[in-house]
Number of protein chains: 2
Amino acid sequence: MSQGANVAGATLLETISSRMVSLRQSERKVAKLVLEDPVEAMRYNMAGLAEAAGVSEPTVMRFCSAIGFSGFRAFKLELAHTIALGMPMALTAIDEDDSLRVMTEKVFSRTISSLDRAYRHLNGEVLEQAIEMVASASELVFVGAGASAIVAQDAQQKFPLFGIPCQAPADYHQQFISASMSGPSTVFVAISNTAKTRTVLRVAALAKSKGAKVLAIVGDRGPITEVADLSIEVNTFEDTDLYTPTVSRLAGLVVIDVLATGVSFRRGPVAAERIREMKEELAQMRSVEPGDPGGEPG
Amino acid sequence: MSQGANVAGATLLETISSRMVSLRQSERKVAKLVLEDPVEAMRYNMAGLAEAAGVSEPTVMRFCSAIGFSGFRAFKLELAHTIALGMPMALTAIDEDDSLRVMTEKVFSRTISSLDRAYRHLNGEVLEQAIEMVASASELVFVGAGASAIVAQDAQQKFPLFGIPCQAPADYHQQFISASMSGPSTVFVAISNTAKTRTVLRVAALAKSKGAKVLAIVGDRGPITEVADLSIEVNTFEDTDLYTPTVSRLAGLVVIDVLATGVSFRRGPVAAERIREMKEELAQMRSVEPGDPGGEPG
DNA sequence: CGACGAATGTAGCCAAACTACAGACCTGGG
DNA sequence: CCCAGGTCTGTAGTTTGGCTACATTCGTCG
């Protein structure tokens, strides 16, 4: 998505922060200004930015080079990119005084930024191995608690498509049973943003002890990643704030999408054909029609 | 998010397409080039773009004016914005020959673009009314099928936070019962991307006949919106393709986030305090600790 | 067939990004 | 304490590139 001079998986502003120390005194003034209000910085041209920071134009130029860009133009382009991904509102706390419009923008911005961040930080090799692992499973179990339970549920809807038996037990009790019944050909997917949800940790450990392969989908390293054979780290913005909705589950869902798509590639054209048929039938089933399965139940 | 010369809720490329007819012959050459490969167009400067399109520089300039921009600079900025939101890959079909990296980028891009689109097309007034409706409910019922069921489940996790009794019956049978038990103070939220899922339509109609207010969350107008008192339209990209994951559910989740946040504003600081307490306790409960609720079940 | 108006390109202007250079500052050694 | 080295920062000039006034061509209509 980004083609700038960034280090892998870092946003422009993060790059600036990290290189702050290696900047000269006056260059830092520029850096500070940009970090404080990227949107405002965006409006300036070189001369304007120089004046606002209280330095000369070549200093701004040097700043751009120091960050890793060929010039001011390139820098501004990348800044625009970063801003477009929702930066302005994404890191501002959601406030009770916000108008509905502003609040909506913040929620969406934050979500979009988080997805972008998650994408940047995804480890391609781990993903590759995860797809391999899931594709070779003869049974799949998804487990999560709270918001992560939603992700598990979603996964459970997707993977049967590829002919892999698949469950997402809802409560701890059932999860426990599934875990204890799993074996070497089971892939047990433990989903937890904190990577330390106790119940999830327990069942993952149990499944592992029964010989199952454990795949963790987490927001960060933690006890669960210790137990897991493989961990997909999904980096999102922390929900530090009171009103901030949980954004991790969304990133989790998208990762599930990627996994599912990857697995479906592995299954080849035959599976693809079956999926197509199924989709068509589903569409027909769903729509309103004279014929009447699912009338009044009872 | 966008501050360009766009018509409300339209992406730059959509704007160009729509104004194509009113453009002069040579300006259209420029427009075509930009639409065909926005990313490539982005790399050019004015002279380059002019040459690539086989026209003169002032023509490019006139093109920018015709689209509604003050000049080439402003145009390029908005183009950068559009591209940043995932355009390049967002509308390309996902292909079995794609490398894992490319496929991942496509899935994320598409999701991000879709969320951006959903945001742009959201009707603020409808949202306002929806929040009002939900906030004044004494009981909430969320209903959806398939992918939308996930959204319903998610909603069901959120709204109890505000002290509103809330359910998301999983199967048609239970949904039917909930619908028939609802009354004037019930808000019945029907979620369906197609707006014509039959079972959802049925229960929504039933709830309405019992006096409940029906709020629809849909991807488009359809039978369900006919029944509903209020409909939030969540515009995403159609999943035309075989491998394209369902992106509508994600947009649905974010809309739920917005609704929930809006409602929590209404409830004021007292509720806020209670939510904070709850979050803290939840965090403690979740983490691994010596004390041991939730040991082996049975 | 000529004249008017629209459409497009040519040439020049001006602003803004970039670069070479020189003065100022700090640092360390005598 | 002062001088030499290097580093940092600003001044001034160059060049690129966006923008505009004007000329030319093409099409159309009287």
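Scope of the values below: all heavy atoms of this structure, side chains included, with no hydrogens, waters or symmetry mates. Each chain gets a letter, A, B and so on, in the order the sequences are listed, and its residues count up from 1. Being a predicted model, the structure only gives us computed values, none of them experimental.
- Distance CZ (R62(B)) to C1' (dT20(D)): 10 Å, rounded to an integer number of Å.
- Between D257(A) and K158(A) there is a salt bridge, with a side-chain nitrogen of the basic residue lying less than 4.0 Å from a carboxylate oxygen of the acidic one.
- Minimum atom distance to the side chain of E57(A) is reached by dA17(C), of the listed dT8(C), dT9(D), dA17(C).
- Proximity of T59(A) to the phosphate of dC8(D): no side-chain N or O atom is located under 4.0 Å from OP1 or OP2.
- Comparing A74(A) and K29(B) by the nucleotide of DNA chain C whose heavy atom lies nearest to each, the residue mapping closer to the 5' end is K29(B).
- With K76(A) contributing its side chain and Y44(A) its backbone, the two residues share a donor-acceptor pair below 3.5 Å.
- For M46(B), the listed nucleotide lying nearest its side chain is dC19(D); candidates were dT8(C), dC18(C), dC19(D).
- With distances taken from any side-chain atom of M61(B) to the nucleotides dT20(D), dT9(D), dC18(C), the minimum falls on dT20(D).
- With rounding to whole Å, F63(A) atom CZ is found 16 Å from dT9(D) atom C1'.
- With rounding to whole Å, L77(B) atom CG is found 13 Å from dG18(D) atom P.
- A salt bridge does not link E27(B) to R19(B): none of the charged side-chain nitrogens sits closer than 4.0 Å to a carboxylate oxygen.
- Of all nucleotides listed (dA7(C), dA17(C), dT20(D)), dA7(C) comes nearest to the side chain of R24(B).
- In this structure, the nucleotide among dG18(D), dT8(C), dA12(D) sitting nearest to the side chain of P58(A) is dA12(D).
- In this structure, the CZ atom of F72(A) is 10 Å from the C1' atom of dA16(C), given to the nearest Å.
- Following rounding to the nearest Å, E27(B) (CD) and dG9(C) (P) show an atom-to-atom distance of 10 Å.
- For R249(B) (side chain) and A147(B) (main-chain N/O), no donor-acceptor pair under 3.5 Å exists by modelled atom type.
- Computed from coordinates, the L49(A) CG to dA16(C) P distance equals 14 Å when rounded to whole Å.
- Atom C1' of nucleotide dT15(D) and atom CG of N45(B) are separated by 14 Å, given to the nearest angstrom.
- At whole-Å resolution of the value, OH in Y44(B) and P in dT16(D) are 20 Å apart.
- Here the side chain of R73(B) is nearest to one of dT11(D), dG9(C), dG18(D), namely dG18(D).
- Nearest nucleotide to the V55(A) side chain, out of dT19(C), dG10(D), dC8(D): dG10(D).
- A salt bridge links E14(A) with R117(A): the closest approach of a Lys/Arg side-chain nitrogen to an acidic carboxylate oxygen falls below 4.0 angstrom.
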